[in-house]
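Proteins come first, then strands; the chains are lettered A, B, ... in the order of their sequence lines, and each starts at number 1. Any value given below was found using the heavy atoms of this structure, including those in side chains, with hydrogens, waters and symmetry copies removed.
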2 protein chains.
Amino acid sequence: MERYREIGLKLTPQRLAILEYLDGNTSHPSAEDIYSCVKKKFPTMSFATVYNTLETLRKRGQILELTIDPDRKRYDPNIHPHNHLICLRCKTIVDVDLDFEIPIPDEARKSFDVLGNHIEFYGICDKCKKGGE
Amino acid sequence: MERYREIGLKLTPQRLAILEYLDGNTSHPSAEDIYSCVKKKFPTMSFATVYNTLETLRKRGQILELTIDPDRKRYDPNIHPHNHLICLRCKTIVDVDLDFEIPIPDEARKSFDVLGNHIEFYGICDKCKKGGE
DNA sequence: TTACTTGACAAGAATGATTCTAATGTGATA
DNA sequence: TATCACATTAGAATCATTCTTGTCAAGTAA
């Protein structure tokens, strides 16, 4: 946790609660998920604090902002290169840790500095397969 | 264009204008982009019509809804399997047509019906590289 | 060609995620 | 322990998207 102070973050109780919630969390929570959980401990917690903290962490490369869910942004504290699989029905996201060798296409390199890539797998999870029509 | 009638779409002038705008369009427009262009021809065009039409096309597999842009949904009339590269600054999206063999990981298959995948490349485009700070 | 039916359209309100504002509070440092 | 830069709060504002309701028109069949 000290590493956060080292990158110039003030460690407020609210931030620590958010960091603790995120630490090791593989549920790819939304801002709302984080807010409603941390609010239990800090009833005066504001949505703005959640968004501010997430943005600060993102800018310092401590979390990933995922765009795979069409309804809302999702956040991932695992910053090692990995990929994701989302259920198109319930929007559950799971990690896909296999490492694929994706060559950066010349076509792309011509006019872009390509910084990275991310593979989105999509499908239907078991739960939705059984429950849903 | 007749193919749209065949899949049960009523071909209204508004829809034809939207379809014409999308046909061969590789700019990955947002709903706003589509609206503001088509509105020139149909000044009474409503946003709801754009969204309704896009949703109808999507449900029938005639367009792709892209989630790669964190700010808004983007639409792609090219439904052949392909990937995308986005500029993190200006959100320009270009097609990456190379076909990668992405094996569906067992880990994922265990608890999901995996239906497909999509690779997002991200970087900075030449224009932003020069213009931006 | 006409009338019918179903689905599409328009206008604007509503929703909901996210961002902004302005006033107040507080870690970290010296 | 005082200071200051930055964080927090509450609530308003924004903006993409969806919904509602009344009207209209494409496609079909007579």
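Of the candidate nucleotides C:dT18, D:dT17, D:dT9, D:dT9 has the atom nearest to the side chain of A:M45. Minimum atom distance to the side chain of A:P13 is reached by C:dG27, of the listed D:dG11, C:dT18, C:dG27.
Mapping A:F47 and B:S30 onto DNA chain D via the closest heavy atom, the residue that lands nearer the 5' end is A:F47.
A distance of 11.0 Å separates CD1 in A:I93 from OG1 in A:T26, rounded to the nearest 0.5 Å.
Rounded to whole Å, atom P of D:dT20 lies 17 Å from atom OH of B:Y51. The distance from atom CZ of B:R74 to atom C1' of D:dA16 is 14 Å, rounded to the nearest whole Å. Atom CZ in A:F42 sits about 17 Å away from atom C1' in D:dA10, given to the nearest Å. Whole-Å rounding puts the B:L11 CG to C:dA8 P distance at 11 Å. Rounded to whole Å, the distance from CG on A:L66 to P on C:dT18 is 12 Å. Between the C1' atom of C:dC9 and the NZ atom of B:K39 lies a distance of 13 Å, rounded to the nearest Å. In this entry the distance linking OH of B:Y35 with P of C:dC9 reads 14 Å, nearest Å. In this structure, B:R60 places its CZ atom 9 Å from P of C:dG7, rounding to the nearest Å.
When the side-chain nitrogen and oxygen atoms of B:R15 are compared with OP1 and OP2 of D:dA26, none of them lie within a distance under 4.0 Å. For C:dC9, the OP1/OP2 oxygens have a side-chain nitrogen or oxygen of B:T12 closer than 4.0 Å. The shortest distance between the side-chain N/O atoms of B:T44 and the OP1/OP2 oxygens of C:dA10 is below 4.0 Å. The phosphate of D:dT9 (OP1 or OP2) has a side-chain N or O of A:Q14 nearer than 4.0 angstrom. Between A:T49 and D:dT9, a side-chain N or O to OP1/OP2 separation shorter than 4.0 Å is present.
Under 3.5 Å, the side chain of A:K10 and the base of D:dA5 form at least one donor-acceptor pair of N or O atoms.
Between A:H82 and A:H84, the ring planes lie perpendicular to each other; the angle is over 60°, past the 30° to 60° tilted range.
Between A:L54 and A:I63, the closest heavy-atom pair is O-CD1, 3.4 Å. Residues A:F112 and B:I86 share a closest heavy-atom pair of CE2-C, 3.9 Å.
No donor-acceptor pair closer than 3.5 Å links the side chain of A:R58 to the backbone N or O of A:E65.
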